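All remarks here apply to the structure that follows.
Just so you know, these numbers use all the heavy atoms, side chains as well, and skip hydrogens, waters and symmetry mates. The structure presented is a predicted model; accordingly, all values stated were derived computationally and were not measured.
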There are 2 protein chains.
Amino acid sequence: MKNYVRDKRMAFGMTQDELSEKLDVSRQTIISLEKGKYNPSINLAFKLSRLFTCTIEDLFIYEEEDKDV
Amino acid sequence: MKNYVRDKRMAFGMTQDELSEKLDVSRQTIISLEKGKYNPSINLAFKLSRLFTCTIEDLFIYEEEDKDV
DNA sequence: GCTTTACGTAAAGTTTACTTTACTTTATAC
DNA sequence: GTATAAAGTAAAGTAAACTTTACGTAAAGC
């Protein structure tokens with residue numbers, strides 16, 4: 001899932017470390033998120049959208065998985 | 001996290017079993033979700049909002065955790 | 001050239017979302 | 001009264017989100 005966390009963070013002039021503290025997650029979590037290593041939990045997605053004053057849909061781009069069924 | 005999955009499902013006249021198949025998750029997942037046993041992944045949240053033609057914010061009510069820090 | 005700041009990687013460990021199986025309950029319908 | 005459909009519980013297992021620690025790199029400032 002694509003996301004705009006990095007863009008938003010930078011628009012807010014924050015470091016990864018600052019962001020991680022505000023969201024109460026580890027810096028690793030932010031790094032991995034921005035790198036697209038994994039998807040956030042819905043809790044983290046909500047926290048991010050609140051902080052950046054946007055919707056989850058604005059921040060994360062969902063594309064249907066190619067269901068191999 | 002509160003959610004309106006049950007309401008939406010019923011509004012769409014679906015059984016838990018039908019919903020689980022459409023979303024490609026187990027029936028247990030739907031039961032537990034509706035019962036509030038755990039929060040959905042952001043993927044599942046997106047799937048649900050797409051199916052019910054609403055936003056994630058419409059379907060799930062986020063309340064800041066009382067951070068014990 | 002050393003220090004500090006910001007970003008990055010790797011890997012092992014914990015927590016939680018989700019699956020699977022198996023069995024229970026309630027209601028409807030023949 | 002038993003068969004079937006829909007909802008539920010419990011518990012053990014797997015997968016993925018997130019943490020923790022420790023170390024690497026590049027740029028900026030002195």
Side-chain angles (χ1 to χ4, degrees):
Chain A
M1 183 172 319
K2 187 168 164 38
N3 73 71
Y4 295 111
V5 172
R6 186 177 209 104
D7 296 343
K8 284 285 187 182
R9 174 175 63 79
M10 291 187 150
F12 277 69
M14 302 175 67
T15 67
Q16 293 176 331
D17 202 46
E18 286 167 349
L19 180 55
S20 72
E21 278 178 16
K22 287 222 177 192
L23 299 177
D24 211 34
V25 295
S26 70
R27 189 169 62 93
Q28 260 317 308
T29 295
I30 303 301
I31 292 176
S32 299
L33 246 192
E34 290 189 356
K35 285 272 159 187
K37 291 269 174 66
Y38 47 64
N39 298 325
S41 67
I42 194 172
N43 257 299
L44 183 48
F46 264 113
K47 282 184 186 176
L48 281 159
S49 69
R50 289 289 161 88
L51 182 57
F52 292 145
T53 55
C54 62
T55 66
I56 291 181
E57 283 82 359
D58 285 336
L59 211 43
F60 299 94
I61 307 306
Y62 176 67
E63 287 141 4
E64 321 261 339
E65 287 120 16
D66 28 21
K67 36 173 62 183
D68 43 19
V69 186
Chain B
M1 185 171 317
K2 186 167 165 38
N3 73 70
Y4 295 111
V5 172
R6 186 178 209 103
D7 295 343
K8 284 285 187 180
R9 175 175 62 79
M10 291 187 149
F12 276 69
M14 304 174 65
T15 67
Q16 293 177 332
D17 202 46
E18 286 168 348
L19 181 56
S20 73
E21 279 180 14
K22 288 223 178 190
L23 299 176
D24 212 34
V25 295
S26 71
R27 189 170 61 93
Q28 260 317 308
T29 295
I30 302 301
I31 292 176
S32 300
L33 246 192
E34 289 189 356
K35 286 273 160 188
K37 291 270 175 63
Y38 48 67
N39 298 326
S41 67
I42 194 171
N43 257 300
L44 184 48
F46 264 114
K47 282 184 186 178
L48 281 159
S49 70
R50 289 289 161 89
L51 182 58
F52 293 145
T53 55
C54 62
T55 66
I56 290 181
E57 283 82 0
D58 284 337
L59 212 41
F60 299 93
I61 307 305
Y62 176 65
E63 287 141 8
E64 320 261 338
E65 287 120 16
D66 27 23
K67 35 173 66 184
D68 41 20
V69 186

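Look at CD on E18(B): it is 11 Å from C1' on dA5(D), rounded to the nearest Å. Rounded to whole Å, the distance from CG on L23(A) to P on dT19(D) is 10 Å. Distance, R6(B) CZ to dA7(D) P: 7 Å, rounded to whole Å. dA6(D) atom P lies 11 Å from atom CD of E21(B), rounded to whole Å. Atom-to-atom, OH of Y38(A) to C1' of dA17(C) comes out at 15 Å; the value is rounded to the nearest Å. Here the P atom of nucleotide dG8(D) and the CG atom of D17(B) are 13 Å apart, to the nearest Å. For the pair M14(B) CE and dA7(D) C1', the interatomic distance rounds to 15 Å; values are reported in whole Å. Rounded to whole Å, atom P of dT16(C) lies 18 Å from atom CD1 of I42(B).
Between K47(A) and L23(A) the shortest heavy-atom distance is NZ-O, 2.9 Å. Annotation for I42(B) and P40(A): closest pair CG2-O, 3.3 Å, computed over non-hydrogen atoms. Between I30(A) and S20(A), the shortest heavy-atom contact is CG1-CB, 3.6 Å.
Aromatic ring orientation, F46(B) versus Y62(A): parallel (interplanar angle below 30°, classes split at 30° and 60°).
Residue Q16(A) forms a side-chain hydrogen bond (donor to acceptor under 3.5 Å, both in side chains) with just one option from Q28(A), E34(A), E21(A), and that option is E34(A).
For the atom pair CZ (R27(A)) and CD (E18(A)), the distance works out to 12.5 Å, reported to the nearest 0.5 Å.
Two residues are said to be in side-chain contact when any heavy atoms from C-beta on lie closer than 4.5 Å; L51(A) and F12(A) fail this criterion. Side-chain contact between V25(B) and L33(B) is absent, with no heavy-atom pair separated by less than 4.5 Å.
Sorted by residue number, the members of residues 29-36 of chain B with any non-hydrogen atom under 4.0 Å from DNA chain D read I31(B), K35(B).
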request  = Do nucleotides 22-30 of chain D as a string where each nucleotide becomes B, S or -: B if the base has a protein heavy atom under 4.0 Å, S if just the sugar-phosphate does, - if no protein is that close.
outcome  = ---------

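With dC18(D), dA7(D), dT19(C) as the candidates, the nucleotide lying closest to the side chain of Q16(B) is dA7(D). Listed nucleotides: dA17(C), dC18(D), dT19(D). Nearest to the side chain of S26(A): dT19(D).
If you chain together hydrophobic residues whose side chains sit under 4.5 Å apart, I31(B) and L59(B) never meet in one group.
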